[in-house]
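In this chain, residues are counted from 1 in sequence order.
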Amino acid sequence: MTAPATPTATNTMAAPHLKTVLITGISRGLGKALALELAKRGHTVIGCSRSSDKISSLQSELASASESKSNANKHLCMTVDVRSDSSVAELARAVVEKKAVPDVIVNNAGTINRNNNIWEVPVDEFDAVIDTNIKGIANVLRHFIPIMIENKHGIIVNMSSGWGRSAAAQVAPYCASKWAVEGMTRAVAKELPPGLAAVALSPGVINTELLQSCFGNSAALYPTPESCRQWCISQCVILVNIHYTKEPFASNKNSFLCRPCERGKMQC
């Protein structure tokens, strides 16, 4: 994997060619902001979320964001629960039927436990974190890697966190899940054939519902995805410009591990 140049005022609008991008957890937060920015730039978006009430309106928003571009009627949004293997299988079937195999997959869907010591986290809450953040990604990989292999190319972006490389009290289930995402991404990268690659991406601290659940009022100190358009631009540039090379990075075959920092720059 190689990295695109750090986005600047002269290259943020550049995109070598248009891509089809699958984003899970698309109904709000980072997922929605990325989807709308990608659509605005002419890319085709395939999105899924458990929130069925938001999916239909999001389809219209994506079409509006595309304006008169050729991708306006190509977007596909479906109600999918990534925790369910059969639900993800249905999405994969729809994508194949639409002949919209993704060039890039962004495994963005995620959840966090309410602040609590590990021995006080309810069983169902712990399971929800593991089932969404780990099993959800595994379900997507299970059904989409084979069709990407048939296409002989594809980039998989698994959303991680700073807590996937460190730890904090009262969010042990979430930390455990993100450490697992990091490990799974590195392992999957070694399994992929030439033409495919896997990325673990930590987006930085953004004011989303997930952050609010653990930071409380302090979350307001950080930018929201909607207000931080420069952040969205930098992420979109990164996502559609990451490409496969034969040279391994940091001893990880078919992987490029990167972490954007503030103001759209990258740490690798």
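- Within 6.0 Å of CG in Asn117 there are more than 12 heavy atoms belonging to other residues, nucleotides or ligands.
- For CD of Glu90, the number of neighbouring non-hydrogen atoms (other residues, nucleotides, ligands) closer than 6.0 Å is 12 at most.
- Taking both residues in full, the closest heavy atoms of Pro102 and Ile105 are given as CG-CG1, 3.8 Å, listed atom of the first, atom of the second, then distance.
- Expressed to the nearest 0.5 Å, how far CD1 of Ile26 lies from SG of Cys77 amounts to 5.0 Å.
- For residues 146-161, every residue pair satisfying the side-chain hydrogen bond (donor to acceptor under 3.5 Å, both in side chains) rule, not counting sequence neighbours, is listed here: Asp103-His153, Asn107-Asn158, Asn158-Thr185, Ser160-Glu182.
- Side-chain contact between Arg142 and Val88 is absent, with no heavy atoms from C-beta onward closer than 4.5 Å.
- With no hydrogens or angles considered, a side-chain donor-acceptor pair links His75 and Ser66 at under 3.5 Å.
- Rounding to the nearest 0.5 Å places OG1 of Thr24 at 10.0 Å from CZ of Phe144.
- In summary, Arg93 and Glu97 do not engage in a salt bridge, as defined by a charged side-chain N under 4.0 Å from a carboxylate O.
- Of the candidates Leu141, Ile134, Val140, Ile137 forms a side chain to side chain contact (heavy atoms under 4.5 Å, CB included) with just one, namely Leu141.
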Evaluation steps, side-chain contact (heavy atoms from CB on, under 4.5 Å), between Lys19 and Thr44: CA-CA 6 Å; Lys19 303 287 182 69; Thr44 298; over 6 Å; no

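- Rounding to the nearest 0.5 Å gives a distance of 7.0 Å between CG of Asn108 and CD1 of Ile23.
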